[in-house]
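One structure is given below, encoded as structure tokens.
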Amino acid sequence: MASDLPVNFIQNIINQDLEADKNDGKVHTRFPPEPNGYLHIGHAKSICLNFGTALANNGLCNLRFDDTNPSKEEVEYVDSIMTDVKWLGFDWDDRLFYASDYFEQLYQYAVGLIKAGKAYVCNLTADQIRDYRGTLTEPGKESPYRNRSVDENLDLFERMRAGEFEDGYCVLRAKIDMKSPNMNMRDPVLYRILRATHHRTGDKWCIYPMYDYAHPLSDALENITHSICTLEFSDHRPLYDWCIENVDYSGEAQSRPQQIEFARLNLTYTVMSKRKLRELVENGYVDGWDDPRMPTISGLRRRGYTPSSIRDFCERIGVAKRNSMVDIALLEHCIREELNANAIRVMTVLRPLKIVIENYPEGQVEWLETENNPENEAMGKRKIPFSRELYIEQEDFMENPPKKFFRLRPGGELRLKSAYIIKCEQVIKNDAGEITELICSYDPDSKSGGPTSGRKVKGTAHWVSVPHAVDVEVRLYDNLFLSENPDEEDDYKTALNPASREILQGCKAEPGIAELPQGNKYQFLRQGYFCQDSILSKPDKMVFNRIVSLRDTWAKVSKN
RNA sequence: UGCCGGUUGGUGUAGUGGUAGCACGACUGACUCUGGAUCAGUUCGCCAGGGUUCGAAUCCUUGACCGGCAGCCA
């Protein structure tokens with residue numbers, strides 16, 4: 001039997017572990033977000049990796065909030081993260097945890113470290129600690145408080161917890177090696193005093209463990225076997241290991257988690273740091289975390305991306321250690337591929353140009369049959385009204401067209417999709433010389449599906465009957481940034497795309513659009529894939545977001 | 001210039017001593033009542049030098065270049 005195991009270096013490590021019967025053959029991962037912002041597509045990569053790897057290896061994956069810094073964290077973020085992970089299609093069952101669940105335990109472990117002479121309370125100020133730490137090329141020097149007695153440390157640490165000292169008055173540090181070439185091992189801070197109300201523990205604590213201390217121990221307590229994180233934590237791995245090796249679990253933890261680092265996702269034409277995304281939101285460059293232009297999960301969801309398309313994307317980009325920049329075209333390909341197979345076709349004219357078919361009887365309406373999806377016959381057919389007055393797309397007519405323009409021109413013919421072939425007889429203009437209307441004729445023998453419909457015309461266009469048209473608003477989106485890599489600019493905000501959103505009013509959709517089956521995702525014929533905006537769209541005033549355009553060969557041709 | 005990591009077509013990713021593959025993109029052509037989709041094809045790559053070997057992307061070595069690290073953030 002062929003294996004569905006993903007091909008990447010992490011799976012290779014797991015295969016070796018499995019072969020060596022490490023961890024009794026168990027695979028247990030976790031997704032450990034800090035609830036200080038909304039999740040983005042880069043987190044989706046991590047979510048798919050952690051949950052996906054567990055699933056593929058018959059293991060489990062926990063959701064654990066790394067909530068050790070109450071000054072930055074909020075329940076709003078906790079809630080949004082759970083929503084997003086679930087929406088992506090993953091389930092942590094009853095394994096929802098918080099680092100704050102372990103605060104008491106972590107405190108006791110720290111007491112143990114002190115008793116073992118491996119941690120001490122340090123009264124150096126933050127500035128002094130930085131000075132003492134040395135530099136990248138010079139060793140640090142030991143704190144004068146480094147050799148306090150165990151009893152004194154125990155007393156001081158207890159009083160830190162009791163709230164006897166002001167914020168920043170002292171910290172608990174690990175006693176490791178001030179001369180280590182790895183900065184993280186130069187007596188790292190384990191606990192700091194911080195008076196901030198924690199979203200879960202309230203004001204119970206005024207000391208909080210640092211990530212480097214809380215994270216490995218949380219992993220161990222949850223019996224995590226493979227602790228997958230991003231590259232910037234590689235330098236922290238020796239400290240991760242130190243924590244696990246030096247606390248005395250007395251049987252609470254059974255695993256010896258192994259930290260494995262992979263490269264985070266970078267996508268062209270966007271930014272991925274929480275800080276920058278927050279800045280875009282807070283300074284009004286976008287409408288919110290869920291603005292359809294944002295690379296956040298909530299933004300992609302509102303834009304119309306499906307969970308499966310995002311999972312597919314995360315699979316295709318692979319996992320490795322080399323820093324890379326994935327072309328956003330791949331993400332777009334994933335949603336196009338899915339929606340091409342599933343989305344119902346609809347005719348909507350974005351920039352309407354009215355045409356009158358002079359030889360079509362006034363008042364007559366024909367209900368013509370059209371397929372809901374030519375890729376999938378099972379999706380059936382529907383009827384759309386054809387009448388004497390129609391809207392076509394402005395760009396489907398040119399008075400003086402270039403060589404390969406296959407659409408309507410004066411005296412030229414065009415097939416109307418699922419209807420008739422029309423011919424442009426006359427161009428009507430207003431005083432300003434702008435085209436306001438076209439007078440056309442139609443060939444009654446050319447009706448789609450009819451016995452004499454076989455005549456070939458080079459172009460086919462979408463259209464909507466004027467008396468039956470529904471007015472809708474359409475929002476077209478382009479990349480949020482003009483630069484492939486905004487992070488390279490002095491200020492990434494200067495690369496913002498002023499035309500990232502175009503709002504079109506008075507677009508003409510075929511009737512009954514909202515009632516169509518599979519009504520939440522559509523292909524507007526020849527335009528792209530669209531969905532109703534989950535917030536702005538109302539039954540009497542529909543608003544559609546363009547998820548992604550169709551590939552457009554003509555656009556490329558016409559540019560040259 | 002201390003430590004850690006990395007370098008395979010335009011982009012991403014396989015290949016772990018035996019014909020460098022896949023996907024996306026780009027380009028050709030066919031087909032098409034969506035200039036969509038589909039189909040066929042083309043283009044394009046092992047960072048560099050030295051070594052080991054019958055044979056090296058893979059092993060050794062020297063170098064170049066890129067990324068990360070000096071929060072009481074994660």
Under 4.0 Å, heavy atoms only, any strand: does [X] hit a base, just the sugar-phosphate, or nothing?
X      : answer
A:V171 : base
A:P238 : nothing
A:E261 : nothing
A:A126 : base
A:I317 : sugar-phosphate
A:K447 : base
A:F313 : nothing

Any side-chain to backbone donor/acceptor pair from A:W463 onto A:K417? Under 3.5 Å, distance only. yes
Measuring from the side chain of [X] (C-beta onward, heavy atoms only), which nucleotide among [options] has the closest atom?
X      : options                : answer
A:F233 : B:rA74, B:rU16, B:rG2  : B:rA74
A:D552 : B:rA74, B:rC33, B:rG35 : B:rG35
A:E34  : B:rC73, B:rC72, B:rC27 : B:rC73
A:R130 : B:rC24, B:rG71, B:rU34 : B:rG71

Span that lies between the [atom1] atom of [M] and that of [N], in whole angstrom:
N      : M      : atom1 : answer
B:rC46 : B:rA56 : C1'   : 11 Å
B:rA30 : B:rG36 : C1'   : 16 Å
B:rC3  : B:rA23 : P     : 43 Å

Is [X] close enough to [N] that one of its side-chain N or O atoms is under 4.0 Å from OP1 or OP2 there?
X      : N      : result
A:R133 : B:rG71 : yes
A:S324 : B:rU13 : yes
A:R322 : B:rG5  : no

Is the aromatic ring of A:W554 within stacking range of B:rG35, meaning centres under 5.5 angstrom and planes under 30 degrees? yes
Side-chain donor or acceptor of [X] under 3.5 Å from a matching atom on the base of [N]?
X      : N      : value
A:R336 : B:rG36 : no
A:D327 : B:rG12 : no
A:E375 : B:rG36 : yes
A:R345 : B:rU34 : yes

Could you tell me which nucleotide pairs with [N] by Watson-Crick or G-U wobble geometry, both distances under 3.5 Å, or answer none if nothing does?
N      : value
B:rG9  : none
B:rA40 : B:rU28
B:rU16 : none
B:rA70 : none
B:rG63 : B:rC47

Does any donor atom in the side chain of [X] or [Y] lie under 3.5 Å from an acceptor atom in the other side chain?
X      : Y      : result
A:Y98  : A:D66  : no
A:Y240 : A:Q259 : no
A:R275 : A:N36  : no
A:S308 : A:E338 : yes

Hey, which sits more toward the 5' end of RNA chain B by its nearest nucleotide, A:V326 or A:K456? A:V326
Starting at the 5' end of RNA chain B, which residue's closest nucleotide do you reach first, A:M325 or A:H333? A:M325
Between [X] ([atom1]) and [N] ([atom2]), how many Å, whole number?
X      : N      : atom1 : atom2 : answer
A:L416 : B:rG35 : CG    : P     : 12 Å
A:L39  : B:rA74 : CG    : P     : 18 Å
A:R264 : B:rC69 : CZ    : P     : 10 Å

Is it possible for you to check whether A:K423 lies under 6.0 Å from the centre of the six-membered ring of A:Y442, through NZ or CZ, and within 45° of that ring's axis? no
What is the distance from atom OG of A:S418 to atom NE2 of A:H462, rounded to the nearest 0.5 Å? 12.5 Å
